[in-house]
Amino acid sequence: MAFQVSVFLENKIGHLERITSVLRAAGINIRAMTLSHSTQGWGILNLIVSNPQLACETLSDNKFSATLREIAVIEMEDHPGGLDDLLKKIAAAEINFTNAYGRIVSPGKTAYLAIDVEDIGNCLEKLKRAGLKLIPDNDVYGNGNH
Amino acid sequence: MIFWEKDIETLQRSGIHKLQVEKLNQTITIAQNSLYYDKLFKQKGIKPGTIKNIEEITKLPFTTKQDLRDHFPYGFLTVDRRDVVRLHSSSGTTGNPTVIFHTASDLKNWANLVARSLFTAGIRDTDVFQNICGYGLFTGGLGFQYGIERLGCLSIPAGAGNSLRQIKLMQDYGTTAAHAIPSYLNRLYDVFKELNLDPKRDTQLHTFVIGAEPHTEEQRRRIEEMFGVKAYNSFGLSEMNGPGVAFECTFQNGLHIWEDAFIVEIVDPETLEPVPHGEVGELVMTTLDRIAMPLIRYRTRDLTRFLPGDCPCGRTHYRLDRITGRTDDMFIVKGCNIFPMQIEGVLMKIPEAGSNYLITIENINDNDELIIQVEVKREWFSGDLAKLDNLTRLMAHKVRDEVLVKPIIKLVEPGSLPQSEGKAVRVIDKRKIL
C-alpha cells in the first residue's frame, strides 16, 4: 500500500516554500510531486516522499491540512512508448484517474506511474485482474537499493 | 410646475407640526386596535389626544425590529385580515421575518409618496420608466411599480438582472428613466461596452433613481458620467413601506423626507435622547398614514443627520444626509439586507464550514462582493480536489438561498483567519462609503 501526502494550500507566493521548508527540517526527501489547482485561488499539493507517515505528522504539527491518500503505483518501462503501453492497459481495465505523475526508478529500465483514483480498492482489484505490476513501497518511496 | 402636491410639500414648519400632532393622535387611535400597542398603551397610560405638541412624542415608547419579530405575524395588525391586501417580508429563514401588512388605502398612500418622490426628481408622465429591480417580497419592485403608474409614466417592470434584455428594452421602448441599485449599473455599463454601444448615444436615458445600497458621492458622479444622466438618491425601508420615504430633488443636496407621512427623529443611540438639529444619530420614524400596521417611534438603526438650512427647491420638509452607518450589525450588499447571524446559521449546518470563517464585503471591479473565507481543517481534508470544489459550491448555494446574494467562498489554510472569540460574527466591510 503506497501513500502520497496531500496538502491543502492557497495559491500565493511563498506558500509552497513553507511546506518544503518544514519537510526539509524533518529530513524528508521528496521523490515526486504534482500540484493541482482550482480556479478559486487554492490547490492541492501531492507528494511522494521518503517517509509519508512522518511527513504528514510533521505538516499537521505545523498547522497544515495534510492527509495520507492511498495511490496505485504501477510499473512501466523506461523507453519511448513505455507510458503509452501502460495507459492502453489501464484504459482496457476501465480505470479512470483524477491525477497522475511519474518517476524513473532505474534509468533505461524501470519507471512508475502513480495514479490517484476515487475508489482505490476497486482500482487495485482491476489492476490485478489486468496483470499490471505494482511497485513495492520501498521503491516508491525511494528507500530500496536502486 | 415643480411640485406634485404643492400645499403639502411647501407647508411651513408650524403647519407641518400641527398636521403631525393631529395625525399622530389618529395613529394612536388606530394602533390601539393591535394586540401589541393595545397592551403597551394600557401599561403606559397612553390615550388618543395624549400628544398636545410635537415635542411630546418623546412620551411614547420606541418600537424595535425585535418587537416586530416577537409579535410575528399578526401582533401589530390593527384591522381584520379581510381588509389586508398585501404583505411584504424580509428574506431569510433564520428566526421570524419582518413582515409589513398593507390595506388598499395603505398601498394608495404609498404609491402617492413614490410618485411624489419621482416627480421631485424631475420625472414626469411623459417618461418611460424601467424598473430594474427584483419584484416579489422585496419592496423595490412593486413599490416603484405602483408609484410609476400613479405618476402616469409608461412603466417597464423589467425585474432584476439579464443585462442584454435590459438594454434591448431600453432601446425598443426608448426608456428615459430607470431605477436600479448602483452596483448593478456598473455591470450594465460593461455590457453596453461589450456590445459596442454607448448609453449616451444609443439610449434616451436622462434620469436614474439609485438606492437600496450604500454608495459614495463619487460613485453617483461616475454613474452620471457613464450614462449621461442625472442620478438621484432614493431612501426607504420596508418597515416604512419601502421606497418613497426620502428622495433627492433636482438640487441633489440631501434627501427630502416626507414629514406629512412620517414623524422623523434623530436620537442618540445610547441615551435615546434627541440630538441637536444637524448632528448624527439614529433615525427614528413614526408612520402617520398607515392603517393596517402603524409603527410608532420605530428605531431604524440607520445613522444619519438632518441637513441644516433651506433647500432652494422650495420644499420645506427636512433633508436627510446619506446614511453613514448602522447601530446594529446589519449590512447591505447588492440591495439585500443581511445580518451576519443569517450567514452563521447556514454555515453552522455544514460541518466542514462550522469551524472558523470570516465575512468580508469588498468592492471588486465596481461590484460589491460578499466574500466568505473558510478554513480547510485537516479533520475533514481528504486530499480530494473535486470534493472541496463541490463543498464551496454547496456553501455558496446555501448562503444564497438564505440572504439572496451569491457569495464568493474562499478556502484558506488553517490558522490564517483570526480566531473567533465566540461573540459577534466578524464582518469586515472594505467598501469605501462617504
Side-chain angles (χ1 to χ4, degrees), chain A residues 2-19 22 33-49 52-53 55-72 96-101 114-120 123, chain B residues 343 347 350-365 367-400 405-420 428 430:
Chain A
F3 289 91
Q4 70 183 12
V5 181
S6 296
V7 196
F8 176 85
L9 84 163
E10 287 173 59
N11 191 353
K12 284 183 180 162
I13 291 168
H15 280 229
L16 183 54
E17 185 266 344
R18 294 206 305 222
I19 294 171
V22 164
M33 67 167 270
T34 60
L35 253 176
S36 36
H37 80 100
S38 74
T39 53
Q40 297 148 55
W42 53 266
I44 294 174
L45 170 68
N46 296 304
L47 298 169
I48 291 179
V49 296
Q53 192 71 40
C56 189
E57 278 166 21
T58 309
L59 286 167
S60 295
D61 290 346
N62 282 276
K63 303 241 185 295
F64 288 98
S65 279
T67 190
L68 289 176
R69 201 172 155 84
E70 193 180 350
I71 46 172
N96 189 38
F97 49 87
T98 53
N99 193 18
Y101 47 122
I115 61 172
D116 194 341
V117 296
E118 273 178 26
D119 183 349
I120 185 74
C123 167
Chain B
I343 294 176
L347 295 180
I350 305 170
E352 291 90 338
S355 38
N356 208 17
Y357 55 88
L358 183 69
I359 301 165
T360 312
I361 309 133
E362 202 174 343
N363 191 278
I364 302 170
N365 299 329
N367 267 309
D368 287 352
E369 299 288 357
L370 174 64
I371 300 161
I372 306 172
Q373 286 171 284
V374 180
E375 283 188 0
V376 172
K377 292 279 186 216
R378 55 180 172 278
E379 291 80 33
W380 52 264
F381 174 68
S382 70
D384 189 328
L385 189 127
K387 256 188 205 161
L388 280 187
D389 216 21
N390 288 337
L391 177 68
T392 60
R393 241 172 277 147
L394 174 81
M395 285 191 231
H397 185 77
K398 297 255 182 196
V399 170
R400 203 216 111 94
V405 174
K406 191 174 181 194
I408 297 173
I409 305 287
K410 275 193 179 166
L411 297 181
V412 297
E413 292 160 13
S416 49
L417 299 179
Q419 283 297 308
S420 66
I428 297 173
K430 291 185 178 169

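Below, read A as the first sequence line, B as the second, and so on, with proteins coming before strands; counting in each chain starts at 1.
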- Message: Between B:Ile408 and chain A, with a heavy-atom cut-off of 4.5 Å, which part of the residue counts as in contact: side chain, backbone, both or neither?
- Response: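 For B:Ile408, neither part sits under 4.5 Å from chain A.
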
- Return the minimal non-hydrogen interatomic distance between B:Phe381 and A:Phe8, and the atom names on each side. CZ-N, 3.5 Å

Donor-acceptor pairs under 3.5 Å, chain B versus chain A:
from: B:Val376; atom 1: O; to: A:Ser65; atom 2: OG; distance (Å): 2.4
from: B:Arg378; atom 1: N; to: A:Ser65; atom 2: OG; distance (Å): 3.0
from: B:Ser382; atom 1: O; to: A:Arg69; atom 2: NH1; distance (Å): 3.1
from: B:Asp389; atom 1: OD1; to: A:Gln40; atom 2: NE2; distance (Å): 3.1
from: B:Thr392; atom 1: OG1; to: A:Gln40; atom 2: OE1; distance (Å): 3.3
from: B:Glu413; atom 1: N; to: A:Glu10; atom 2: OE2; distance (Å): 2.8
from: B:Glu413; atom 1: OE1; to: A:His15; atom 2: ND1; distance (Å): 3.1
from: B:Glu413; atom 1: OE1; to: A:Arg18; atom 2: NH2; distance (Å): 2.8
from: B:Glu413; atom 1: OE2; to: A:Glu10; atom 2: N; distance (Å): 2.6
from: B:Glu413; atom 1: OE2; to: A:His15; atom 2: ND1; distance (Å): 2.8

- Message: What part of A:Val7 gets within 4.5 angstrom of chain B, counting heavy atoms only: side chain, backbone, both, or neither?
- Response: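 Only the backbone of A:Val7 comes within 4.5 Å of chain B.
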
